[in-house]
Amino acid sequence: MTAWQAHFSWDNTTQASRRCQLGPSAVRSHCGGFIVVLDGDLLNHLDVRHSLRFQQWRTTSAAETLVEGLAQREAAILTELRGSFSFACWDVNRGRLLLARDRLGISPLYLRLQEGAVQLASWRGALGCKTALNRQQVSEVLSFGHLLSPTQPQLGVTGDITLLPGGLVLWIEADGQMRHLRWWPAWPEPTWAPLPVRTARRAGALLREELERVVDAHLPACAPGASPVATLLNEDIDSAIVTAIASRQRPRAVEAFVLQPAGADPAASSNLQALAIHMGVKLQPVTISDTQIVPWVEAALDGAEQPSAGGLEIELLTRAVGQRGHTSVLSAMGGHALFGGHPSHQIVPWLRTLTWCPPPLRRVLLSTLLGPRAERFSELPHWDAQALTIACRRWVTARQLRELNLPQLSWPELPPDPLPAGSAQIAWAELFGYTAPLLVRDGISAGQRGGIALRLPLLDHRVVEIALRLPASIQGRGHRLLEQGFADLLPRGYRGQQGSACDRAMQHWLLGPLRPLCQHHLQHLHGAMVRNHGLNLPRSWVERQWQRFEAGSLHWTRIWCLVVVAHLTTVGSPGGPTPSLQR
């Protein structure tokens, strides 16, 4: 991936060609009327070339394919592109700027509105300092683990940095007028008809055929002396399948990286080693020592541009992958969203049956059957599959926000839903309410900081569409569909576990060598400042969260979220930067 920056202004009196600066990596069309700067991967750009009239190619770059495609078809070329990408295209003759991102919003595109101009970049750090949190954003992060992602461009506030939503194209005219269009899912009629697949066996074969094609497209060119292919391996079935497919296509040329603390459980290590041997890959444990982990995590905190409950494990993994000489790595991110979701989502179909239940009776039933978990489902905007799915991931509830003296939040927005009712709607909400705004955003940002291109074959749009358009009876099988379709690539009866290797490593470090760093930051949350307003989270509440984490009743991502919030708020407090931990 090639990071880029750009600047477009519409109020100066210079020549039109000088009003848009796209940087040194920009590519000009053969006719000279279009200039493009691209970040990301156009997996099928050579195939797209065959459909264009222009054939006098100068290079084999994807940017040249894109600029000639835009010169011929303008934004219509987007529907032919495959991969993760973001770009800016300057139409010299019309004085117009066109901006777009891939369908799922994997490759970022940040905008910062100024007086009579807009700054653009493919990485947030290019547009200014870290996020200056406000109290509303703290509510968002504590509730969902990330800042909410709008589905429409938010360019109303001068100076604020915003992210262009995925699946959108935005035009900025010569006079500064802006208009946008959703191109995926196609709007205003985004309905996806179910695929004519009658059996789970046929569905598994269809998924396998497409996923093998996508993984092959993501693999680097096979050349003598080339570095091995790097993959991220955990104990889940998603990462095992991606690694196994890569190994089948690049025999004896795959290195599988897994995060492990020094002195990890021998039983867990032997299980992963047996899996790697079966797939024919070389296992590369990322065994960061207890003394090395502290400076690595301090560097991750300093590089954090916005608060998030995740990101730390992918930051450590991509850094280790880069130190081994790799420039890209395959990840199975997105598999949980498409195939089965989070375990807590299993109750969503039952919760939906309470739609017509009077709210008072519903509250009694939930409290009786779910106990303390029932509070997650209070004060929802709608009682539908999407809101309930997002609520399953909720941490701080509406009542708790009031007790913490934090503002209530707006519910996360999702792209237009093209799916019929059923398990596919749960997957859609998990995909755009958790995976894309948290896991993908953190992973891509960590990769950019480490110079690593994160490849996400399970989030290829055709794989996503196949998975979500399967008949409800088949799509609801979740991981069992993968177990059946890819059984020959894995050990007999292998079903995997969700995130166990990484979770054990993070639990070990946060309770061990990282404990002083965490507690150092958490003790500042009470007096932290957010945009000149006191945050004042009660010390007793913060201490209670740490106690729950120590007792094993709170996931490590929640504590890390508090640490990042504390770091980002105390950096801008009147007392100055938080001092480094004395070791």
Side-chain angles (χ1 to χ4, degrees), residues 143-146 148-149 151 185 190-192 194 200 203 236-238 309 333-399 409-439 458 464-465 467-482 498-499 555 557-558:
S143 297
F144 302 111
H146 58 84
L148 300 188
S149 299
T151 58
T191 303
W192 290 348
D236 55 19
I237 193 169
D238 315 308
M333 195 178 293
H336 291 327
L338 296 177
F339 304 103
H342 191 266
S344 62
H345 296 156
Q346 295 176 3
I347 67 170
V348 172
W350 172 77
L351 291 172
R352 291 189 63 208
T353 64
L354 304 179
T355 301
W356 304 108
C357 188
L361 178 58
R362 183 192 299 161
R363 286 194 291 270
V364 172
L365 287 173
L366 292 177
S367 179
T368 302
L369 298 174
L370 299 181
R373 286 194 300 160
E375 195 173 334
R376 296 182 183 180
F377 307 101
S378 63
E379 303 182 42
L380 302 187
H382 309 285
W383 197 265
D384 57 19
Q386 295 185 350
L388 292 169
T389 300
I390 294 173
C392 287
R393 289 282 195 176
R394 201 176 185 182
W395 177 25
V396 176
T397 64
R399 177 188 62 80
L409 48 81
S410 301
W411 204 251
E413 299 177 2
L414 302 178
D417 179 7
L419 302 158
S423 55
Q425 286 190 335
I426 299 175
W428 187 263
E430 174 74 354
L431 189 61
F432 290 103
Y434 179 79
T435 301
L438 193 149
L439 301 182
L458 284 173
V464 170
E465 290 180 15
L468 299 186
R469 291 178 60 191
L470 293 173
S473 60
I474 297 177
Q475 208 275 341
R477 293 172 61 88
H479 279 147
R480 288 177 295 168
L481 189 63
L482 300 180
Q498 288 204 3
H555 198 263
T557 55
R558 304 302 189 184

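Remember, predicted model here, so these are calculated numbers, not experimental data.
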Q.
So which atom in Ala200 and which in Leu481 form the shortest heavy-atom distance, rounded to 0.1 Å?
A. O-CD1, 3.6 Å

Q: Have a look at Glu430 and tell me which of Gln386, Arg393, His336 forms a side-chain hydrogen bond (donor to acceptor under 3.5 Å, both in side chains) with it.
A: Arg393

Q | Between CH2 on residue Trp350 and CG on residue Leu365, distance to nearest 0.5 Å | A | 6.5 Å

Q) What are the two closest heavy atoms between Gly422 and Arg352, and how far apart are they? A) N-NH1, 4.1 Å

**Q.** Any donor-acceptor N/O pair, Arg376 side chain to Cys392 backbone, under 3.5 Å
**A.** yes

**Q.** side-chain hydrogen bond (donor to acceptor under 3.5 Å, both in side chains) contacts in which one or both residues fall within residues 420-429, not counting sequence neighbours
**A.** Asp417-Gln425, Ser423-Gln475

Q | Nearest-0.5 Å distance that lies between atom CG in Leu419 and atom CD in Glu465 | A | 10.0 Å

Q: Of all the heavy-atom pairs spanning Leu438 and Gly145, show the shortest one and how long it is.
A: CD1-O, 3.4 Å

Q) Which heavy atom in Leu414 sits nearest to a heavy atom in Gly433, and how many Å separate them? A) CD2-N, 3.8 Å

Q | Closest approach of Leu468 to Ala427 (non-hydrogen atoms, all atoms of both residues) | A | CD2-CB, 3.5 Å

Q. Considering only heavy atoms from C-beta outward, does the side chain of Phe377 approach that of Ile347 to under 4.5 Å?
A. yes

**Q.** Heavy-atom side-chain contact between His342 and Thr389 under 4.5 Å
**A.** no

Q. Is there a side-chain contact between Thr151 and Phe432, using heavy atoms and a 4.5 Å cut-off?
A. no

**Q.** Any residue meeting side-chain contact (heavy atoms from CB on, under 4.5 Å) with Ala398, in chain and number order, not counting sequence neighbours
**A.** Glu379, Arg394, Arg402, Gln408

(Q) Just verifying a value: how many Å separate Leu409 CG and Phe144 CZ, rounded to the nearest 0.5 Å? (A) 5.0 Å

Q: State, to 0.1 Å, how close Pro437 and Leu431 come at their nearest heavy-atom pair, and which atoms those are.
A: CD-O, 4.2 Å

Q | Atom pair CG (Leu338) and OG1 (Thr435), whose distance is rounded to the nearest 0.5 Å | A | 7.5 Å

Q. Which side-chain hydrogen bond (donor to acceptor under 3.5 Å, both in side chains) pairs, counting each pair once, include a residue from residues 353-370, with sequence neighbours left out?
A. none

Q. Rounded to the nearest 0.5 Å, how far does CZ of Arg373 lie from CG of Leu366?
A. 10.5 Å

Q.
Any non-hydrogen side-chain atom of Ile426 less than 4.5 Å from a side-chain atom of Pro349?
A. yes

**Q.** Distance, nearest 0.5 Å, that separates CG of Leu388 from NE2 of His345
**A.** 10.0 Å

(Q) Let's go through Glu413 and Leu148 carefully: what are the C-alpha distance in whole Å and the side-chain angles of both, what is the deciding distance for side chain to side chain contact (heavy atoms under 4.5 Å, CB included) to 0.1 Å, and is it a yes or a no? (A) CA-CA 8 Å; Glu413 299 177 2; Leu148 300 188; over 6 Å; no

